[in-house]
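A short worksheet on the structure shown next.
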Amino acid sequence: MKNPGSWNALAGAVLFLIWGIFFQGSGVDFALGFAFLVLVPLLLEETVQSADGNRAEKWLWSVMSCSLPFGAAGMIAVSLPSGYEAGWWAAIWFFYTLLVAFGGLMRLLGRGFGPIEETVIDVGLIYIAVGGGWLLCSRAGWTEVSPYSETIIQLSIAHYHYAAFVLPLVVGFFGRYRAEGNRIRKNFMVTPYLWLATGVITGPLIVAVAFSIGDPFAPIAAGIYVLILSWLCLWWFWLSVYFKLWIGMALRSASLILLGAMVLSLLNNLNFWLEAYWLGVNRVFHYRGLWFALFFSILSALAWRGVHAPKRHAYTVFPISHIRPGRRIINPKIDCKPWAASHEYVTGLVHDWSPFNTRYFHSEDIAPLVKRWFLHTGDFHVQASIQWAKGFRSIAGRLSQWGVPPSGSMVLQGEAISISDYKDGRKSVRAWVTLNKQTKEPLNTALYSFHKHADETYFNIGFPVPHGILTVIGRLETDKEGGVHLETMLREDARGDEGIYFTLGEWTMRFPLRAMFHVKKARTEGDLVGDFYLRFGYVNLLAIQYQMKERRAG
């Protein structure tokens with residue numbers, strides 16, 4: 001079905017209207033029912049945008065497609081008096097929120113903590129499970145053992161379904177619009193939005209914790225959160241003139257409604273500060289919840305769905321090797337045999353430079369000797385000096401079964417083996433088996449390939465590890481002296497596949513690591529040097545210096 005989220009939301013809106021006619025509930029109940037039936041499928045569909053994507057986005061698309069019966073279960077839960085039966089209906093909705101949160105978590109882990117607009121969306125997807133858990137506690141009648149009153153729990157449920165779910169998602173869609181504008185303008189100013197997104201991510205949690213602690217933290221946290229949301233409203237109001245008429249009107253209306261809700265929140269804080277209860281807390285939250293749920297949320301959701309700004313990049317959709325050793329200790333010689341293509345003879349890491357030529361990289365800029373090393377790697381003597389940073393040397397011992405050598409110097413011996421593309425799942429795959437030349441001890445097996453995505457060709461290197469695969473995706477760059485850089489850090493615009501990933505089963509996670517490899521000519525004619533660095537943030541974990549000397553005839 002095309003646009004299942006829209007159809008589920010439409011059917012949910014009809015069900016919500018029928019329910020609203022026959023059900024006499026509180027403002028919070030109506031706000032929650034609207035979120036269950038309408039907002040969740042609308043926002044999930046805009047999050048994923050299509051059924052094609054990485055594993056996590058396909059998961060979310062499937063979860064979104066079946067939202068209606070789960071939303072109806074949540075609606076029934078708030079319609080019944082708290083107890084055993086209502087608890088079971090609430091458990092169904094809680095289970096659904098867990099499915100959404102799992103998709104958001106795996107989407108975040110697969111991509112990493114950038115770009116920021118996608119991170120805001122993922123955090124919102126995770127937050128909704130907290131709201132589902134509070135709903136279960138409330139409807140099952142477990143609030144009697146809770147230190148919080150029923151009113152506070154009801155407000156917490158609405159808080160995590162709106163301020164912690166709806167708001168981060170629409171702010172994320174807004175961030176996609178800004179990122180697309182930055183791409184067109186070639187201007188990547190991200191600081192203002194970064195501060196806004198950080199406030200939207202942390203605000204719901206900080207406010208919830210502050211209200212649990214009480215004075216004086218609660219009014220201070222609420223005041224800061226009000227300022228952040230007011231800034232968002234003014235920003236949207238200012239940008240609304242650049243959109244179509246109906247989108248601009250929707251954004252302006254949503255901004256004014258949210259500002260009104262913030263005024264009510266400030267008045268509520270004044271009640272506590274001045275002890276002037278001329279406006280009751282229940283009445284404030286009653287109006288605020290209705291306004292936020294029925295007007296701000298739907299207007300902002302429809303507006304940003306109308307803008308439909310694309311994601312910066314289709315992350316983690318690149319091919320990954322299907323080879324899985326399945327044993328605790330890897331012997332590269334043995335592990336290669338089931339997948340080798342014995343009818344092909346290969347000599348190096350690259351079979352041809354032409355696939356790597358793009359608008360970003362030109363192989364003619366590479367020095368001939370550097371080219372030969374990639375094409376005929378076995379024709380070079382290689383000596384490596386390995387240095388782990390202090391405090392991390394014990395890691396090398398624990399990862400020795402993954403082929404990670406300890407600190408020291410050794411002469412390396414390599415062998416290129418052609419791998420069946422059919423069995424590996426990638427193109428032009430060749431294994432480079434590395435051994436310690438003196439001891440003949442196998443070190444690691446690297447499965448070299450490449451893939452093209454968004455007008456760029458990447459090195460796609462797989463390292464088989466027990467029951468999984470470690471994948472290094474790097475882009476090629478040339479220096480001014482004919483050397484080659486292999487870089488795994490994303491560019492400034494955060495559009496690319498670069499990174500270090502670990503795949504277990506069908507799920508891929510991005511490690512917060514950066515690898516850099518630089519091959520260049522040495523001062524001695526006919527020799528090359530290579531520098532490899534592995535970093536965690538700005539901390540160096542591993543440094544390897546290679547000396548490559550070409551074998552000469554005779």
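Every heavy atom of this structure was used, including side-chain atoms; hydrogens, water molecules and symmetry mates were not. Along the sequence shown, residues carry numbers from 1. All values derive from a computational prediction rather than experimental measurement.
Two rings, from Phe165 and Tyr127, have their centers 6.0 Å or more apart. Ring-centre distance between Trp236 and Trp231: not below the 6.0 Å cut-off. The distance between the ring centers of His161 and Phe36 falls below 6.0 angstrom. Two rings, from Phe243 and Tyr177, have their centers less than 6.0 Å apart.
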Verdict with reasoning, Glu57 to Lys311, per salt bridge (charged side-chain N to carboxylate O under 4.0 Å, His left out) | CA-CA 12 Å; Glu57 290 180 341; Lys311 293 174 285 188; 3.0 Å; yes
Carefully, step by step, assess Glu180 and Arg312 under the rule salt bridge (charged side-chain N to carboxylate O under 4.0 Å, His left out).
-> CA-CA 7 Å; Glu180 181 65 11; Arg312 293 199 201 189; over 6 Å; no
Please walk me through it: do Asp493 and His313 pass side chain to side chain donor-acceptor pair (under 3.5 Å)?
-> CA-CA 10 Å; Asp493 61 359; His313 188 74; over 6 Å; no
Evaluate the salt bridge (charged side-chain N to carboxylate O under 4.0 Å, His left out) criterion for residues Asp122 and Arg111: first the C-alpha distance (whole Å), next the side-chain angles of each, then the deciding distance (0.1 Å), finally the verdict.
-> CA-CA 10 Å; Asp122 293 337; Arg111 189 192 63 257; 2.8 Å; yes
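Side-chain atoms of His453 do not come within 3.5 Å of backbone N or O of Asp497 as any donor-acceptor pair. The closest donor-acceptor contact from the side chain of Tyr162 to the backbone of Ala31 lies under 3.5 Å. Looking only at distances, no side-chain donor or acceptor of Asn540 sits under 3.5 Å from a matching main-chain atom of Leu542. Although no hydrogens or angles enter the test, the distance criterion places a donor-acceptor pair under 3.5 Å between the side chain of Asn54 and the main chain of Tyr315. Remark: side-chain polar atoms of Thr97 are paired, donor with acceptor, to backbone N or O of Phe94 under 3.5 angstrom. No donor-acceptor distance shorter than 3.5 angstrom exists from the side chain of Arg495 to the backbone of Glu492, with no hydrogens or angles considered. Within the 3.5 Å criterion, the main-chain N or O of Trp134 finds no donor-acceptor partner in the side chain of Ser138. Put simply, the side chain of Arg178 never gets that close to the backbone of Gly181: no donor and acceptor are under 3.5 Å apart. Listed for the Arg55 side chain is no donor-acceptor partner under 3.5 Å among the backbone atoms of Met106. Using a distance-only test at 3.5 Å, with no hydrogens or angles considered, no donor-acceptor pair links the side chain of Glu117 to the main chain of Gly172.
For the atom pair CZ (Phe463) and CD1 (Ile500), the distance works out to 9.0 Å, reported to the nearest 0.5 Å. Within the model, atoms CZ of Arg324 and CG of Leu504 stand 8.5 Å from one another, a figure rounded to the nearest 0.5 Å. Separation of atoms CG (Leu37) and CG (Leu42) is listed at 11.0 Å; rounding is to 0.5 Å. In this structure, Ile298 CD1 and Ile257 CD1 are separated by 11.5 Å, a value rounded to the nearest 0.5 Å.
The number of heavy atoms from other shown groups lying within 6.0 Å of CE (Met489) does not exceed 12. In Trp246, the CH2 atom is crowded: over 12 heavy atoms of neighbouring residues, nucleotides or ligands sit closer than 6.0 Å. Atom CH2 of Trp19 sits in a crowded spot, with more than 12 heavy atoms from other residues, nucleotides or ligands closer than 6.0 Å. Surrounding CH2 of Trp195 are at most 12 heavy atoms belonging to other residues, nucleotides or ligands under 6.0 Å away. The local environment of CZ in Phe23 is crowded, with over 12 non-hydrogen atoms from other residues, nucleotides or ligands closer than 6.0 Å.
Here the side chains of Phe318 and Ile320 are in contact, with some heavy-atom distance below 4.5 Å.
There is no side-chain donor-acceptor pair under 3.5 Å between Arg139 and Ser82. Looking at Thr503 and Thr508, their side chains do bring a donor and an acceptor atom within 3.5 Å of each other. Between Arg305 and Ser6, the side chains place a donor N or O and an acceptor N or O closer than 3.5 Å (distance only, hydrogens not considered). Side chains of Asn460 and Arg426: a donor-acceptor N/O pair is present below 3.5 angstrom, by distance only.
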Validation: residues 65-77 side-chain donor-acceptor distances under 3.5 Å, sequence neighbours left out:
residue	atom	partner	partner atom	Å
Ser65	OG	Trp61	O	2.7
Ser67	OG	Asn8	ND2	3.4
Ser67	OG	Met64	O	3.3

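For Leu99, the side chain to side chain contact (heavy atoms under 4.5 Å, CB included) partners two or more places apart in sequence, or in a different chain, are Trp59, Val63, Phe95. Among residues two or more places apart in sequence or in another chain, the side chain to side chain donor-acceptor pair (under 3.5 Å) test is passed with Trp88 by Tyr84.
When all heavy atoms of Leu490 and Gly496 are compared, the pair lying nearest together is CD2-O, 3.5 Å.
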